[in-house]
Amino acid sequence: MLRIYNTLTGSKEPFEPMVPGTVRMYVCGVTVYDYCHIGHARSALVFDVLRRYLEYTGFAVEFAKNFTDVDDKIIKRANEQGVSCDRITATYIKAYYDDMDRLGVRRATLEPKATEHMADIVALVETLVAKGMAYRVDGDVYFQVDRYPVYGRLSKRKIEDLQAGARVDVDERKRHPMDFALWKGSKPGEPSWDSPWGPGRPGWHIECSAMAMRHLGETFDIHGGGMDLIFPHHENEIAQSCGATGKEFARYWVHNGFVQINHEKMSKSLGNFFTIREIFDKSEWPDAVTGEMLRYFLLSTHYRSPLDFSDHSVAEAKNALNGLYDLFERLKEPAPAHGAADQQMRETSMRIRQAFADAMDDDVNTPNAVAALQKLRGEANKALDAGLSAEMRQAVREEFRSLGAVLGLLQQDRWQFSRPGSRESHGTAAVSVNALSDEEIADRIAARLAAKQSRDYKRADQLRAELASHGILIEDRPDGTSRWKR
RNA sequence: GGCGCCGUACCCAAGUGGCUAAGGGAGCAGUCUGCAAAACUGCGAUGCGGCGGUUCGAACCCGCCCGGCGCCUCCA
């Protein structure tokens, strides 16, 4: 059974959904005003993997991930570029999908947008006003923090401490410095929607409450996001949601750690961030970075730990992945009907499947899950030396496929993995310029084989060098034939 | 000032009271090979930032110290 760390209680807890067999989870998505960076990638990946694992263990998952498409930063960006907010959000939603597709992040089952839930948002604010938990000031509506007595229970802060440490300019109209906007009256030229308090737009926190409740119910299972959302965003979501319904909002709060650069948080102000597309587009053959490499890298650290991004780390991920794909090539070799190591391999495979599940059950310990996969690689290579039947080879390949699918890894064939120009790259011509066709490669390999047979090793090495210059590596089999890889 | 996190081999990274401290990458040596690649085998922390303490027993618990970081303000 899955045990997961719940920020609300500060401990790992056995995970049991409210409705047996179905998990309802909500994850804070992105504000669509710019390209996603690796930090966004990590967050998306963590919850993508959690969702995949829940499905793997048999749950149906209702997974909502929102797009924040009304926001100060969007308005600012639109004004800077002299285009509409809709134009900005459409552009970056498209970019988001492109990036996520390359990372292999699956679509959520529900992807609500704030602009499409104004009625829900307004209704929720009205409820809070009616209950005396929110008050109106001019065209704005604020949530009154001290009307929610357990405010601070998620982030373990006391209102008094916050007050003492507050560095933000306090809006004098607020009754308490920590009160936050549910509804903001709009200034001329800003996008706005009608409301009982005049034209305006929602505050940042209210949209998530309204959309989560609309799609998943007043109480649902998992709510996720980056660590930095614990306060104030998720704290405020809890206050306004629980304040409105009198019920618990999300039962398990899950937060992922940051991606860092040289041990510092990536941030725009430090100028040390990398966008996902930049990493893909700047990398060049033969060191091209693929989505799978980034995935492997991001999953090789536990989701709650900080993780340092560097080219070196991604290269290590690539090498680790390489060993796996080399094994797959071996598994494809012609094989006899019976193998001496079949039985042993079958048992090993089962044992590792269990180890993999144990790792994932332990608060989604992907580094251990990956280690299990690597362990299987070693065992499979050994079994191959001892003798594996064609059937068993296929079974081993299937094992990698099914476990890999939980992490979103190992779903490709070697060829697709190491040839970014073919499938991963989006219209990059550079890679294919000096690439050889399969036929040309086959011709040269045949020529080399002939040279080898006539003991003309000089010619054979020459042909191998030529292929190498095109990024083709030759591996000779024991029987004298060769396989190749890019 | 408040709340919290991290420090494990050359690098990345699991392990959070009790078998020889996972796994990967890099390196070195060996087997195999015309050579190479791949694969396999072996080597690699008597020690887990430091010093004390608790315990039969600690990388894991407690205290202090050193070093690094995060949140408290938009932020994955």
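Letters A, B, ... are given to chains in the order of the sequence lines, protein chains preceding strands, and every chain is numbered from 1. All figures in this text were calculated on a predicted structure; none of them were measured in a lab.
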Basic-acidic side-chain contact under 4.0 Å: A/R201, A/D72: yes

Which protein N or O atoms sit under 3.5 Å from an N or O of nucleotides 6-11 of chain B?
from	atom 1	to	atom 2	distance (Å)
B/rC11	O2	A/E316	OE2	3.1

Atom P, compared across B/rC40 and B/rG23: separation rounded to whole Å: 13 Å

Set of residues satisfying salt bridge (charged side-chain N to carboxylate O under 4.0 Å, His left out) with respect to A/R464, sequence neighbours excluded: A/D461

Phosphate OP1/OP2 of B/rG15 contacted by A/N365 side-chain N/O (<4.0 Å): yes

Any residue of residues 227-236 of chain A with a heavy atom less than 4.0 Å from an atom of RNA chain B: A/D228, A/L229, A/F231

Closest-nucleotide 5' rank along RNA chain B - winner of A/Y303 and A/D385: A/Y303

Residue A/T301, side-chain atoms from C-beta onward, closest of B/rA76, B/rA14, B/rG24: B/rA14

Whole-Å distance separating the CG atom of A/L327 from the C1' atom of B/rG24: 15 Å

Contact under 4.0 Å: A/N319 side-chain N or O vs B/rA26 OP1/OP2: yes

A/N66 and A/E207: CA distance, side-chain angles, deciding distance, side chain to side chain donor-acceptor pair (under 3.5 Å) verdict: CA-CA 9 Å; A/N66 71 299; A/E207 61 169 276; 3.1 Å; yes

A/R377 side-chain N/O to B/rG25 phosphate OP1/OP2 under 4.0 Å: yes

Presence of A/K265 side-chain N/O under 4.0 Å of B/rC71 phosphate oxygens OP1/OP2: yes

Distance below 4.0 Å between A/N381 side-chain N/O and B/rC40 OP1 or OP2: yes

Positive for salt bridge (charged side-chain N to carboxylate O under 4.0 Å, His left out) with A/D326, one of A/R483, A/K332, A/K485, A/R377: A/K485

RNA chain B base-pair string [pairs: Watson-Crick or G-U under 3.5 Å; |: paired with another strand]: ((((((((.[[[..)..(....]]].(((((.......))))).....[[[[[..)....]]]]])))))))....

Pair A/Y92, A/D69: side-chain N/O donor-acceptor within cut-off below 3.5 Å: no

Modelled atom types, side-chain donor and acceptor of A/Y457 and A/R455, under 3.5 Å: yes

For the student: nearest non-hydrogen atoms of A/R42 and A/F258, plus distance: NH1-O, 2.9 Å

Options B/rC74, B/rC72, B/rA38, nucleotide nearest the side-chain atoms of A/K73: B/rC74

5′-ward residue of the pair A/D362/A/G378 relative to RNA chain B: A/D362

is_close_aromatic(A/F63, A/Y26), centroid dist under 6.0 Å: no

Under the side-chain hydrogen bond (donor to acceptor under 3.5 Å, both in side chains) test, residues paired with A/Y56 that sit two or more places apart: none

Atom-to-atom span, CG of A/L373 to P of B/rA14 - whole angstrom: 16 Å

Residues in side-chain hydrogen bond (donor to acceptor under 3.5 Å, both in side chains) contact with A/K73, at least two apart in sequence or another chain: none

Between N or O atoms, less than 3.5 Å apart, protein on one side and nucleotides 32-36 of chain B on the other: list the pairs.
from	atom 1	to	atom 2	distance (Å)
B/rG34	O6	A/R448	NH2	3.3
B/rG34	N1	A/D461	OD1	3.0
B/rG34	N2	A/D461	OD1	3.4
B/rG34	N2	A/D461	OD2	2.6
B/rC35	O2	A/R464	NH2	2.3
B/rC35	N3	A/R464	NH1	3.1
B/rC35	N3	A/R464	NH2	3.3
B/rC35	N4	A/D476	OD2	2.7
B/rA36	N1	A/D476	N	3.0
B/rA36	N3	A/R464	NH1	3.2

Non-neighbouring partners of A/E466 that pass salt bridge (charged side-chain N to carboxylate O under 4.0 Å, His left out), sequence neighbours left out: A/R444

Rounded interatomic separation in angstrom, taking NZ from A/K156 and C1' from B/rG70: 16 Å

For A/Y252, ring pair (Phe, Tyr, Trp, His ring centres under 6.0 Å) partners two or more places apart: A/F15

Out of B/rU73, B/rA13, B/rG24, whichever nucleotide has its closest atom nearest the side chain of A/M178: B/rU73

A/R483 side-chain N/O to B/rA37 phosphate OP1/OP2 under 4.0 Å: no

Test salt bridge (charged side-chain N to carboxylate O under 4.0 Å, His left out) applied to A/R397 - qualifying residues, sequence neighbours left out: none

Distance, rounded to the nearest Å, where A/H302 contributes NE2 and B/rC5 contributes C1': 13 Å

With sequence neighbours excluded, residues passing salt bridge (charged side-chain N to carboxylate O under 4.0 Å, His left out) with A/R393: none

Check: A/F67 ring centroid to A/Y97 ring centroid under 6.0 Å: yes

Integer-rounded Å distance: B/rC74 P and A/H40 NE2: 15 Å

Ring centroid separation A/F180 to A/Y142 under 6.0 Å: no

Under 3.5 Å between N/O atoms: give me all the protein pairs with nucleotides 21-23 of chain B, atom names plus distance.
from	atom 1	to	atom 2	distance (Å)
B/rA22	N3	A/N368	OD1	3.4

Separation of B/rC5 P from A/Q260 CD (nearest whole Å): 15 Å

Pair A/E80 + A/R77, salt bridge at N-O below 4.0 Å: yes

